[in-house]
Every structure is written in structure tokens, then in C-alpha cells.
Q: 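Sharing a structure here in C-alpha cells format.
Protein chains get the first letters and strands the later ones, always in sequence-line order, with residue 1 at the start of each.
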Amino acid sequence: MAALLDIRDLNAWYGESHVLHGVNMQIREGETVTLLGRNGVGKTTTLRTIMGIIRQRKGTLRFADRDMLPVPLHKTARHGLGFVPEERGIFASLSVMENLLLPPQIAKNGMSVDEIFELFPNLHERRNSSGTKLSGGEQQMLAIARILRTGVRMLLLDEPTEGLAPVIVQRIGDVLIRLKERGITVLLVEQNFRFASRVADRFYLMDHGQIQSEFPVSELGQRMDELHKVLGV
Amino acid sequence: MLASASPVTAHAVLSARGLTRRFGGFLAVNNVDIDVYQGEIHALIGPNGAGKTTVFNLLTKFLQPTSGRISLMRQDITATPADRVARMGLVRSFQISAVFPHLTVLDNVRVALQRPNGLAHQFWRPMSALDQLTGKAEGLLATVGLTRERDALAADLSYGRKRVLEIATTLALDPKVLLLDEPLAGMGQEDIATIAGLIRNVARTRAVLMVEHNLSVVADICDRVTVLQRGEILAAGDYETVSRDPQVRTAYMGREED
Amino acid sequence: MTRSEINARRLAIALGFAALLAAPLFFYPVFVMKVLCFALFAAAFNLLIGYTGLLSFGHAAFFGGAAYFTAHAVKEWGFSPELGIFVGVAGGAFLGLVMGFFAIRRQGIYFSMITLSLAQMFFFFCLQAEFTHGEDGIQSVPRGHLFGLIDLSDPLAMYYTVVAIFLIGVFMVWRFVHSPFGMILKSIRENELRATSLGYSVARYKLGAFVMSAALAGLAGATKALVFQFATLTDVSWQTSGEVILMTLLGGIGTMVGPVIGAGIVVMLGNYLATTGFPVTIITGVVFMVCVLLFRRGLIGELAASRFGRKFGLSRWL
Amino acid sequence: ASASDGKVKIGILNDQSGVYADFGGKGSVEAAKMAVEDFGGKVLDSPIEIVDADHQNKPDIASNIARQWFDTNQVDAIMELTTSSVALAVQAIAKEKKKIDIVTGAATTELTGKQCSPYGFHWAYDTHALAVGTGGALVKQGGKKWFFLTADYAFGYSLEQQTSDFVKANGGEVVGSVRHPLSNADYSSFLLQAQSSGANVVGLANAGADTQNAIKQAAEFGITQSGQRLAALLFTLAEVHGLGLEAAQGLTLTEGFYWDRDDKSREFGERYMKRTGKMPNMIQAGTYSAVLQYLKAVQKAGTDETEAVAKQLHEMPVNDAFTANGTVGPNGRMFNDMYLLEVKKPGDSKKPWDYFNVLATIPGKQAYLDPAKSGCNLVK
Amino acid sequence: MTMVFGVPLPALLGQLLIGLINGSFYALLSLGLAIIFGLLRMINFAHGAQYMLGAFTAYLLLHFAGIGYWPALVLTPLIVGVFGAVVERFFLRRLYGLDPLYGLLFTFGLALTLEGIFRYYYGASGQPYATPPSLAGGTNLGFMFLPNYRGWVVVASLVVCIGTWLAIEKTKLGAYLRAATENSTLVQAFGVNVPVLLTLTYGLGVALAAFAGVLAAPIYQVSPLMGSNIIIVVFAVVVVGGMGSILGAIVTGYLLGITEGLTKVFYPEASNTVIFVIMALVLLVRPAGLFGRE
Ligand SMILES: Nc1ncnc2c1ncn2[C@@H]1O[C@H](COP(=O)(O)OP(=O)(O)OP(=O)(O)O)[C@@H](O)[C@H]1O
Ligand SMILES: Nc1ncnc2c1ncn2[C@@H]1O[C@H](COP(=O)(O)OP(=O)(O)OP(=O)(O)O)[C@@H](O)[C@H]1O
Ligand SMILES: [Mg+2]
Ligand SMILES: [Mg+2]
């Protein structure tokens, strides 16, 4: 089966600084894959490049058998890609509810608002306050919830557990597992290693803007040494 | 505890009584008492939205409490403006990283060093007056492991490195009391170990109050833990005691294995 | 700084100095003096926009206000020129304090709008106040004797006095910006909350910079009143505030030399267009738009960013 | 005899792109050129040249240009000078440089008062003449009770002050006045007050767009229909044209010139019209007169040397398309007749630019301030 | 006669009504300004010039194409709005990522240019524009004579203001726009075509100014300077209302018109400064403006 997301020799730049040096990645429909790596190796950059936010890019980037390089940013989502940015991107001038309803729905199979509120009761309680008045963790919840509504085929999550209380981290883990059951594909960037190993099918290890190695969750035990070296886990 | 404040504990460096803050109809912090002692690391934990950052904002006077009293080294600072509080030696870091993006990493630290070294108001002296701070700044960068990025613009650092830089500027002020809001969030494992060690070092001669969701670090380095929930104190004590509290477990920690 | 940078810098300063001294041989002294007054005005304005990020749309109030104060002090009270200028500067600084008190409470665009409105209030005050003589202006202001010695009615004496004032003023801006205080201003501009948490009283720093800028703008206005021997409503109108922005933008926001070059060009353009029959406002407007779209860094800023500029490290001292 | 530098140069310095551009502007430059042609293009065998510049209403630009003209461009005289701040500044420079200036564009009496110059002249009109024309003459026409709408700054006050003096001197009374801010857009509040004041004349002591808007809105509120009369204290043909007769009908105003008054003025008006597409107002015709008179004075003096020409200008009577038998006072004031004019109804206007009925002629000596009382120190 | 503070009651009522009429212009203009600011984070200094452009377009339509007031009322906002959209598309768009002051400076230049062009071709004294015959004359309200046209101005502005407010606040459009001003990239990443939205918004703001211009043409002289005189006051209205607050702009616009009207009765000399005084006071007490959010 062809990969849903097929990346070959992807390069990306910030102005003159070359950050991604030929990334290769193939993710099949329904997989949950975690991208690991130290600070500053280019994980966020990879997600932003896939999403089309970074336009200085070269290489092959195919999603659902379509060449994504020429697709303008505002059409990327319509092809079924959803993004939760690292800095969360909550809009200060919008209420929680407005933030939640902001991204246009792509497909019918997204979560309903009620389901979301059940998942994150805090959001329900604070639904009328303005976006950035939320606590850091609440903002993180909102950022995730917002994308769950749209019904995308593939989620790009950048450190979704940062700043969340352990209970919530667990709950998000449950959500990811449920998403997997629904057949949704996830590419996850994570520092929280325990969390990542609970939800992921496969890992990519990144260093210096390149994929260093790749292994399924079953090999995790054997790879601990390598991880230790690269990540300091 | 009642709204009428009990007397402020004498030997606490930073202490608050009956701290309360309302946002419109929403009670974000409700009647919180907290004491931070010299030489200790005190953790403030709790579910998201419990009011931890708000407590920080109140203690540092970035927000004015609706009621309650705060004292810093036996001085009442309930009505003192934020910048004065900072000058008195109570310094905070931010949950969402706060650096000066278009200054270099070195200058970020030097700006922080200026005030404690009496170089804040001089508009008649040349910039080279700041050169005397360079050595100190470089030393700080070395402790946190930012030497390589010395001349980079803060804006170009990756997220995790920005957090490290923020810790460095905070330490530059040589504060007596340090309030750290999730200092380790977004950091990679290798930095977590370094910075946690650094915090422990720093705390030997100072008082530290920190918010952190990384419980292994909390268990590791914190002497005392206060758990906040819905703006109120749910439990307090050492980590062992608190982590066994069933209420804390359901509200915050969740299942053991994670 | 490398050696070639230091040499380039010394050379540039020497050339600039020589040009100032020799200018009356080639240009009309009054014209050069006008350029210098506006250059100082623009430098003062740049102190605020370039180094604290505050765009004031009301700087004409300080410039024109000081011109009125000086003109009045010299003509009606018989003050000596140096005392007259002092009155102008003090008046400018005081206006700065009052306007700043309201304006610094807001940032960015809000700040601009508030300064604009307050300056407009001051304009109406000047229009109606007795001592400004309405639209006639205060005319025939005597230049008098500087320190009771130097007769300023001599064009060259006046010229070199203006040069001295200009140099002192620009040096003050330079020193102010490149000082520990300036560094704090820069960091406040970057992140106010963080600066507060480091213990800096943001409001006071901003107010300090605002008053300093107003005082220097006042110095420029006061000097202009003596040069032209009149003070009129033109200098307090919001168009003048717009003009000083244009000068700074054209030359390069946040550079030392930019505002001076910008002032020279704008003043020259005004004079030149006067006799060509081109509609001045259209040209000014177009220059504004082109600058914003194509040379946002201004002439000097673009030069410093060019290959040549980087070679000599121009951005560090232009 | 010949001109000192082989050339006689006259500079027309005025607002060509700003708010007063219609008032004088390029039209004044054209009028000046007509005067040169009418004079024959040469004086004392030297060619005559007109140069012009747009001072943009900025006194500093004006004074830079004036200095440059005098010092390096051999300009012998500067004329027009719209806006009082500019006129006063340039007159001060001309005085210092011993050069002649003839102001036709500015209204302030200061020019021939405290700040007068032995080489400075003021042609065409001033606030005093406007006040006498509208204030004095209108009272005689039956407008006894006045209400003023005054622009809230010095110019407005002095117009109101001087006008009401004449109103009172002629047996009228001032029943009220209201001060409006400069560049005010809406006059309805003030017009309502005027309407209820019981006055039969509403005097507009303001200028330019302020006056235009006030007149337009007065028509809207039916001020004139209800029997009140509008009198604009500073308003010219150019602005009436801009407003249109529909809105301006019935308005009373004073000018120093109206093209359709006699054969001479008609002839001049039509020639000017051919060149510019407009009829001249008093500033443009006044500039024509000033240039012509200056050339005559040079001719008579046999030199373009300032003292001699100034002497001639003070002595020679002025007779041209602009005025007949004008004289010049020791303070530089030129005494020309002023006309009290009424704007025609649209139906009564027979041809293009046929805008005014002449209600009265005010002789120059009555219109202007007696030089002895002007405060000018040149008057013994 | 009943007196209020020494002023006859009917006169006071008249002045209140007049104030409301002037407020109509303030409200329309500040609404457009607030939309552009609130959604594009840009101070549209050219707003006054665009208002002037509206009046002039109506005048030109009449003069050269014989198109009368009523069709012009619809056509003009369209034409000027498209002009605005073009300006946004080709120029303003390049300024979005930058400090908002560049937008301010660009539109300042645009204002100077537009004003200069019209001054060059049409002179400063302006052009006449007649009241449409269907609205000529006036009605005696007992306490004052109200020109019919002015009554129409109040009605038209109220309808347009409320309609626009509803369209923005009660639809998702408003949320998109506000979000886009904060982080346009992210909103695009969600699948919204932000560039087109921004163009339309700017066009809308400009069209509102043009609409006010057409309304103003029969009352004020159609003059190149009509915009620059009013724009600074409108800025102050927006600051008082709370920048970016659309409702704030509308309400403050009317309130200020009325306040100004009353000042004209009690102390006319201050009627042009009263807004600035109010502004200073409001800023002291509520730095975010009356309706602004901190
Ligand atoms: N806007 C930018 N301009 C220039 N360089 C940048 C920019 N953002 C990031 N970089 C650089 O690109 C590299 C990769 O950054 P990226 O944000 O992708 O790292 P990351 O792996 O996500 O790290 P972290 O775990 O800290 O978030 C880093 O070296 C960083 O300094
Ligand atoms: N300025 C404000 N206005 C209104 N509500 C606020 C404001 N600041 C915070 N809140 C609310 O107060 C509550 C406490 O927020 P706070 O930021 O203190 O939480 P926290 O404990 O730091 O959470 P986290 O761990 O997620 O950072 C939250 O529900 C938040 O929405
Ligand atoms: Mg990252
Ligand atoms: Mg928090």
C-alpha cells in the first residue's frame, strides 16, 4: 500500500539558514508515528514544512498521492491535513468557543462540540472567556480540540502534552488511541517519551535536520541505548 | 481558614495569606496561604487552570489581588508595583517563554545584569560601560550550556533553547526569591537534567517556588509541595505525602503507570 | 570593530565635519540652517521611533511649540538668544511630559493616535492663544547677541551657532541611544512584560525617552525660530509631524545619519518643487508610499544592509 | 537709463497647491504675465521677466525663496504673497534687503501698520476694507441687526471686531455672535442660533471652506428664504463659482474688483478668461495692477533702484483695469474703491460668470484706514 | 418656555438632533476605520481621503455620466471599494507581517497623494453637489426646521451601521478576520483563504467611507480637503470607543456627535477640542477605551 504521506529528500530553509537536509519519511494511513529528537534539530520545522507554512522547501512531498509542493497554504487543510502548533496559536481576540469553531470543517467524521467538552471539561467551563485568558494547559487543550472537530485525515501534533497535567496527558493519550481506531493518521513530535511510547506505532529519530533512524515500537527495548545517546533519556 | 488573615509567618522569605483573585465572576484563586522558605524548593502543582500562574502573577504583582496580603522578607508588598517587587529580589520566569527576540543571547543576559550592577539609568555613559558585564554573562551562559549560541538572535533559537535562555536571564538578576513557571516545559531530556540540577544549586542560598508538571523532577528536587485545585489549596506537604493523597491522585496525577 | 571599520568611521566623521564647515560657501546659509534644524528635529524624533519603537504623530507640538516659546521670550521679554532657546527647550520638555503622561499608557498604533490627537489640541491652543498672533505668527524676532558677545544677525555667526547646536543635539541623541539606558529602552521595546519582571519600570523609561525626545525637538524648533526670525502655525500643524516622519523614514529609521540625510532631501525637495509647478503633496505622498514599499530601511538603512555597508560594518555606527 | 542688471525681474510668490490656490494661485501668475505684455515686454530697454514659486503656505519656504530670489536671482520685487504669516515674513526680508514687495493676497492690516516697510505695499484689499464694505455699506441698505458667525482665531476676531464697529457707527446693532472652530464642517448648530436671534444680517467672519460650508448649509436650512441676509466678510468670485449660484444666491460680499463693472474691467476679464478659462477675482486683478504699476514706476524713475522706484510708487496715481485713480499712502497702502456685491439668483444670471449685482461702491479713502491711525512708524 | 441650563428646551432638542446627524458621519467613518483596524490591525490614514473620494466620485458621476444621487449612492461605494481592494491587493498586502506603523505610513502617503491629485485638478474651493430633489426642502418639527435630507442621513447611517455590525459580529466572518490579524498563517493553515478575506474587508471599510462621502456631498462642499479635516476627529472617536471595537466605534460616533452638538450650545469655542478632552479623560480611566478589551 502506498504511504499516505510520502516525503523524500525534503529540504527547508529559514531565509538563508538551511534547516532540513533531506528528510525521508513514509507514513501509512492509520499509523501513529512519533518524531523524536533533541531541541533544535528541526522537528517543528518538519511539521511546518509539511503543512506548507514554510514555503522555502525542496524535494518530494506527497499526501494522498498528490504533490503538495504547489498547493497554496490555505488549501492544504482541505486535502485533509490538520496542524497543532507548538506555540498553540490561540487567538486572543476570540472567545474559547470561537477559537474552537474557527477551523472550517473538512469532513463529517470530526468530533462534535459535545464530545470535545466531555473530553475537556475545563474548556466547557471557560467557553465564553477570551482565548488567551486561559491557563497554559487549557490553551493546549483548546489547540488540540480545535483540530479534532475538523475531521482531517492526518494530524500533525507538535508537543501536544507540553504544560499539561498528568491526568490530562493520559486523557490525550486515550484520545490518540481512539483516533487510531477511527483510522486517523498522526504524526507526533514529543519530548515526553513515556507518552510517546504509549501511543506510537513507530518512531523516527531526528538529528541535524535528517532522519537518523526508524524503528517500530516493538524494537523500543533494543534501541534504548541509541536513544540514550541521542536524546539523553 | 477564614478571610481574616492570620499573622504572616516570621521566618518565611515570601509568604501570602488569604490570597484571592477574581476575574469578573470567576474565582481563579481563592484564599490561598503559601510560605516559601530560604534554601528550599517549593513546588506548586495542580491541574491545568487551577490558578498556579495566577498565583505567580499575584505574588509578583503583575496582577493585583482582590484580597489577601503578601509579604516579601517581612515587608508588606501587597500594594507595591511589579517592577519594584522585582527590584526587591523577587523574580519570575514566564510560562510562555519571554526573551528579547531581537537582542543576541548575550545581550539578553546583559540587560538582566544591568540593573543589579547599577547600569540601568546611565544615559550619559557609552555602551562600552556594559562590557564589564560580558564576563559574568558568559559565565551564566556556560552554566546553562548556551555558549555556542552566544551571538545568535534570541528569535532564531528553537523553542527549548529559548526556555533555557530565559532561565539564564532570570538567574542573572541574582534574585533572593525565584518564581519559575514550568521551567522545564518544552526542554529536551538532556536539558532537563542540567536545568534541574542548576535549580537545585541555586536554591541552596535562595528560595525557589516553581510550577512544574514533570512529576519525576518534582519528586527529585522539591522539598515541599503545594497542590492547587480550582483556585484552592487541596493538599500540602512533602512529595511522598501529597502523592499518596487520593484526592490529589484523581484530580491531578491520574493512573500510576504514566 | 575592525580596523577598516574604525578608519572608515573616522574618515566619514571628518568628511561630515568638513562639509558642515564649508557648506555656506556652496549653499545658502539659511537653507543649510533649515536643513540642520530639521535634521536635529528628525534625529530627536528618531530617538523615539528608532530606539523605543514608539511612533509619535505629534512631534510638531514640541518643535513648533518651542519655536513659539523662544520667539515670544526673545521678542516680548527681551531674553538673550541662549536664554530664549532654553525657554524653548524647557517648554518642549514640559509639553513632552504632559503629552507623554497620557500617551505612554498605550503602545503601538494607539500611542500614535493619542499623540496625534493631543498635538492637534495643542495646535488649536496655538491658533487661539493671544501670544502666538494667530495666523500672522510671531514675526521679526530679533536674533540678538549670543552670550552678549556674538552678533547673530551676522549670517555666518548664526550659521556656526546653528552648527554647534546641531552637533551638540545629535551627539546627545547618539550618546543617549548608545548608553546603558538606551539598551534598556531597546529591551522594553522587545518585550515589556519581561522587562518589568527584570525590575525595570517600563513607564518611567518610556516617559524619560519621550521627554528627552521632546526636549531635543524643542531645541530644533527654538533654533529655527531664531534662524528664520519668526514662529508660525505651520510648525505646530500635523503636516509637520508627518514631514518629520517622512524625513526619518526616507533616511532610515533607527540609524544616526539617516534622519539627517532624510531632512536634507525633504527640505531640498520642498524648495525645489516650489518653483517647478509640481504639486508638492502628490510628490510627498508618492515618496512616502515608495519608501514604505521598497526602501523600508531608508536610504542609509539600505546602504548599511548592502554588501558595501556590511563590509565596513556600517550598520553599527551609521 | 537702464535696469541695474540689464533685466527687471518680478517674483510672484503664492500658494499654488494648497487651500488658497484658487484664491490667487496660478491665476495671479498669469495676470502678472498679462501686465508685462500690456506694458510692452520691456522697460528702460531691458527685458522683463516673471518668475513664480509655490510657497505651500509655509513661511520658512517662502522666506528661503525670497532670500534666494533677492540675493542670487536678481529679483527686483516680490508680489502676491497669500497668507498673512508668509506676507509678513517676506515683507520683513524685503525690508532688510531693501527690495520692493507688493502684497495682493494677504488680508492683514499689520502689513501697513506696525510691521510696515518703506518698500512694502499693500494692494487690492485688507480686513479693514472688507469690514467697511460689508459692515458699513450693508447697514445703509437696511441691514441693521447683525449676528456674527466668527472663526475662532485672530483673523476671525479682527474681521468681526472691525465690522461690528462699522455696523454700530452706521446705526446698526449686533444682536449676537457665536465663535466656531477653524475648519469646522458643520454649521447647523450655529445657523439655528443665528436663525433664532432675530437678526436680519448673518455676518460670516471666516474664510475659505468654512465660509463655503456655512453658506451651503444656510441654504439648506432656509436662512435666506426666511428673510435673513447672509454677508460673507472674505469671499471672492472664485469661491462663488465653486459654490454655484444655487447655493450662493442672495449672498452679500465685498471685493475690490468685479470684471463685469465697466468696459475696462470687462475687456481685462475677457482676456484673462481666454488664457485661464476663469474670470479674475480681486487678488488676480490686483496682482495685474501691482505688476503694471511697478513697471510704470520703474519707467518713470528711470532705474530699478529700490528707493527711487518706491518713491514713484508712493507718488503715482494708479489707473488701470483694476482701479481708477488709486493713490498710495505713506504706509504703502493703495487706496482703491471697493464694491459691495450681491450674488444673483440662478435665473438672473445671463451669461457665464455673470454672478454679481453691484449694490454700492465704497470710495478708497473710506474703505481703508487713515495712514495716520495705522500705527505705521513711517507716517509722520 | 422651558429652559434647561439657560437654554430654551426646543433649542436644546434641535441641537441634540443636529448632533445626532453629525454623529451619523462620525459613526460611519469610525465604523469603517474600526473594521479595518480591528481586522487588519492597520490604521487607515487614507480613510478621510477615501471619504473625499466617495464625494468626488458622486460628483464626477453626475458631471460626466449624468448619474444622479440615488444610483450614485450604490455605485460609488462599489467603485471606491474596488479601488480600495486594488490598493490592498497590490500594496497593503506586502505590509502585513511588519510593524503596523508601516501600514499607517503607507496610507498616510496615499492620503496625501489622493488629496493632492484632486486639489491639482479641482482646486481647493471644491465643487457643488445639489440635494436630490426628492429630499429637498424640510419639515417643521415644532422645535426646529429639519431639512429632509438630514433626516435621511440619520436613517441611512443607522441602517448601514447596524447592518454591518450584525454581519461582522454575528457571522463567522468576524471570527476569521480577527483571528487572521493575529496569526494569518495559522488561519490559512486551517484552510481559510485569508488573502481574499483581507482584500474584501479593506474594500468594505473603504466602501463605508465612500458611502459617507456620498451622503456628505449635498451637505458639505465636495472639496479635496473635506477628508483631512474630519479624519483626526474620527481617529479620536475610535480611540475613545476602543480601537477595533466595532460596536464601540458606532456608539461613540453618535455619542460624540451629540456631545459636540451640546458643546456648540454651551461653549462653542471648545467644540473642536471637546473630543480630545474626552479622549484624555477616557484614557486616564480606561486605557482600552470605552468598549475596548484590555
Ligand atoms: N524563525 C527561524 N529563523 C531562523 N532559524 C530558525 C527559526 N526557527 C527555528 N530556527 C532554527 O532551526 C533549527 C530547527 O528548529 P526547530 O524549531 O525545528 O527545532 P525543534 O526540533 O522543533 O526544537 P524544539 O524541541 O526546541 O522545539 C534550530 O536550529 C533553530 O535555531
Ligand atoms: N486575566 C484573566 N481573565 C480571566 N480569566 C483568567 C485570567 N487569567 C487566568 N484566568 C483563568 O483563571 C484560571 C487559572 O489560570 P492559571 O493560568 O493560573 O492556571 P494554571 O494553574 O497556571 O494552569 P496551567 O497549568 O495550565 O498553566 C484559568 O481557568 C484561566 O482561564
Ligand atoms: Mg519544536
Ligand atoms: Mg500556568
Q: Is the shortest side-chain heavy-atom distance between B:T169 and C:R194 below 4.5 Å?
A: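 Yes; the side chains approach each other to less than 4.5 Å.
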Q: Side chain, backbone, both or neither: which part of C:V202 has a non-hydrogen atom closer than 4.5 Å to chain B?
A: neither
Q: Search all heavy atoms of B:R115 against all heavy atoms of C:L198 and return the closest pair with its distance.
A: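 Nearest pair, atom of B:R115 first, then C:L198: NE-O, 2.8 Å.
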Q: For B:L103, is it the side chain, the backbone, both, or neither that has a heavy atom closer than 4.5 Å to a heavy atom of chain C?
A: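 Its backbone and side chain both get close to chain C.
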Q: I need the full list of salt bridge (charged side-chain N to carboxylate O under 4.0 Å, His left out) pairs touching residues 204-217 of chain C, with sequence neighbours left out, sorted by first then second residue.
A: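 Of all non-adjacent pairs touching residues 204-217 of chain C, those that pass salt bridge (charged side-chain N to carboxylate O under 4.0 Å, His left out) are C:E192-C:K206.
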Q: Write out, in numerical order, the residues from residues 79-91 of chain B with a heavy atom short of 4.5 Å from a heavy atom in chain C.
A: B:A82, B:D83, B:A86, B:R87, B:V91
Q: Might you work through the side-chain contact (heavy atoms from CB on, under 4.5 Å) test for C:N191 and B:H102, ending with a clear yes or no?
A: CA-CA 10 Å; C:N191 189 338; B:H102 295 101; over 6 Å; no
Q: Using a 6.0 Å cut-off, check whether atom CZ of B:F26 has over 12 heavy atoms from anything other than its own residue.
A: yes
Q: Please set out all donor-acceptor pairs under 3.5 angstrom arising from side-chain atoms of residues 179-188 of chain C, sequence neighbours excluded.
A:
| residue | atom | partner | partner atom | Å |
| --- | --- | --- | --- | --- |
| C:S179 | OG | B:Q122 | O | 3.3 |
| C:S179 | OG | C:F176 | O | 2.7 |
| C:S179 | OG | C:F181 | N | 3.3 |
| C:S179 | OG | C:G182 | N | 3.1 |
| C:S187 | OG | C:I184 | O | 2.7 |

Q: Find the one option among B:P101, B:A112, B:S93 whose heavy-atom pairs under 4.5 Å with chain C are most numerous.
A: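 Answer, by heavy-atom pair count under 4.5 Å with chain C: B:P101.
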Q: Step by step, would you call B:Q114 with C:Y200 a side-chain contact (heavy atoms from CB on, under 4.5 Å)?
A: CA-CA 10 Å; B:Q114 263 180 259; C:Y200 297 111; 3.4 Å; yes
Q: Give the interface residues of residues 57-67 of chain B toward chain C, defined by a heavy-atom separation under 4.5 Å.
A: B:F62
Q: In terms of heavy-atom proximity below 4.5 Å to chain B, should C:M172 be classed as side chain, backbone, both, or neither?
A: neither
